[in-house]
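Below: one structure, written as structure tokens.
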Amino acid sequence: QVQLVESGGGWVQAGGSLRLSCAASGRTLSGNAMGWFRQAPGKEGELVAAINWSGGNTDHADSVKGRFTISRDNAKNTVYLQMNNLKPEDTDVYYCAAYLGNSWGQVGSWGQGTQVTVSS
């Protein structure tokens with residue numbers, strides 16, 4: 001079982017930037033696609049971005065395309081989400097997830113979440 005710990009969340013004004021990190025421990029992320037999700041209380045969760053093992057294939061939600069970028073450093077067992085030009089509607093709890101395989105199918109492990117708050 002892999003443990004995922006997110007960091008980098010916080011408060012920022014609209015138009016600002018944050019970089020989320022997701023560090024894995026327990027085992028390597030060898031062969032696992034990774035994803036970032038977000039969910040606010042009472043709302044359905046949304047896949048924000050996903051990346052395959054090599055980093056050569058990524059997918060971003062339409063709502064964040066051109067503003068957010070997912071990346072990974074396999075040597076550091078870490079996945080990142082660079083968030084630029086943040087908007088108040090990006091306010092959510094962001095969760096890191098490790099998929100069971102090398103595509104965005106079933107999630108095997110979740111992080112505890114990190115709060116992102118964007119003020120107008």
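Heavy atoms only: backbone and side chains are in, while hydrogens, waters and symmetry mates are out. Along the sequence shown, the residues carry numbers beginning at 1.
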Quick one: do Asp62 and Lys65 make a salt bridge, cutoff under 4.0 Å?
yes

Please report whether the ring centroid of Trp110 lies less than 6.0 Å from that of Phe37.
yes

Between Glu6 (side chain) and Gln112 (backbone), is there a donor-acceptor pair under 3.5 Å?
yes

Would you tell me whether Arg19 and Asn84 have side-chain atoms, one donor and one acceptor, within less than 3.5 Å of each other?
no

To the nearest 0.5 Å, what is the distance between CG (Leu4) and OG (Ser25)?
8.0 Å

We want to know whether Asn77 and Thr28 form a side-chain donor-acceptor pair, criterion being a heavy-atom distance below 3.5 angstrom.
no

Single-linkage hydrophobic cluster, 4.5 Å side-chain cutoff, Val79 and Val64 together
yes

Under a 4.5 Å cut-off applied to non-hydrogen side-chain atoms, are Leu18 and Leu86 in contact?
yes

Closest approach of Pro88 to Ser119 (non-hydrogen atoms, all atoms of both residues):
CG-C, 4.4 Å

Any donor-acceptor pair under 3.5 Å linking the side chain of Asp92 with the backbone of Ala40?
yes

Shortest non-hydrogen contact between Ala98 and Val2, atoms and distance:
CB-CG1, 4.3 Å

Do you know the tightest heavy-atom contact between Ala33 and Ser103?
CB-N, 3.7 Å

We want to know whether Glu46 and Ser63 form a side-chain donor-acceptor pair, criterion being a heavy-atom distance below 3.5 angstrom.
yes

What heavy-atom pair brings Trp36 and Ser21 nearest, and what distance separates the two atoms?
CH2-O, 3.7 Å

Asn52 side-chain N/O to Asn57 backbone N/O, donor-acceptor pair under 3.5 Å:
yes

Working to the nearest 0.5 Å, report the span between CG of Asp90 and OG1 of Thr117.
11.0 Å

Any side-chain heavy-atom pair of Trp53 and Asn74 under 4.5 Å:
yes

Look only at the side chain of Asp59 and the backbone of Ile51, and say whether a donor-acceptor pair between them is shorter than 3.5 Å.
no

Restricting to non-hydrogen atoms, name the atom on Ala49 and the atom on Leu81 that form the minimum distance, rounded to 0.1 Å.
CB-CD1, 4.2 Å

Using side-chain heavy atoms (C-beta onward) and a distance below 4.5 Å, is Ser109 in contact with Gln3?
no

Flag the pair Val12 / Met83 as yes when at least one side-chain heavy-atom distance between them is below 4.5 Å, and no otherwise.
no

Please step through side-chain hydrogen bond (donor to acceptor under 3.5 Å, both in side chains) for the pair Asn32 and Arg27, ending with a clear verdict.
CA-CA 11 Å; Asn32 295 100; Arg27 65 168 179 83; 3.1 Å; yes

According to a hydrophobic-cluster definition based on side-chain heavy atoms being under 4.5 Å apart (Ile, Leu, Val, Met, Phe, Trp, Tyr only), do Val116 and Val93 belong together?
no

Say whether, by atom type as modelled, one donor and one acceptor occur between the side chain of Asp73 and the main chain of Thr78 under 3.5 angstrom.
no

Can you confirm if the NZ or CZ of Arg38 lies within 45° of the ring axis of Tyr95 and under 6.0 Å from the centre of its six-membered ring?
no

Report yes or no: does His60 contribute a side-chain atom to a donor-acceptor pair with the main-chain N or O of Ile70 at less than 3.5 Å?
yes

Taking all non-hydrogen atoms of both residues into account, name the closest pair between Met34 and Cys22 and its distance.
CE-SG, 4.3 Å

Compare all side-chain heavy atoms of Tyr94 with those of Gln39 and state whether any distance is below 4.5 angstrom.
no

For the backbone of Phe68 and the side chain of Gln82, can you confirm whether one donor and one acceptor N or O come within less than 3.5 Å of each other?
no

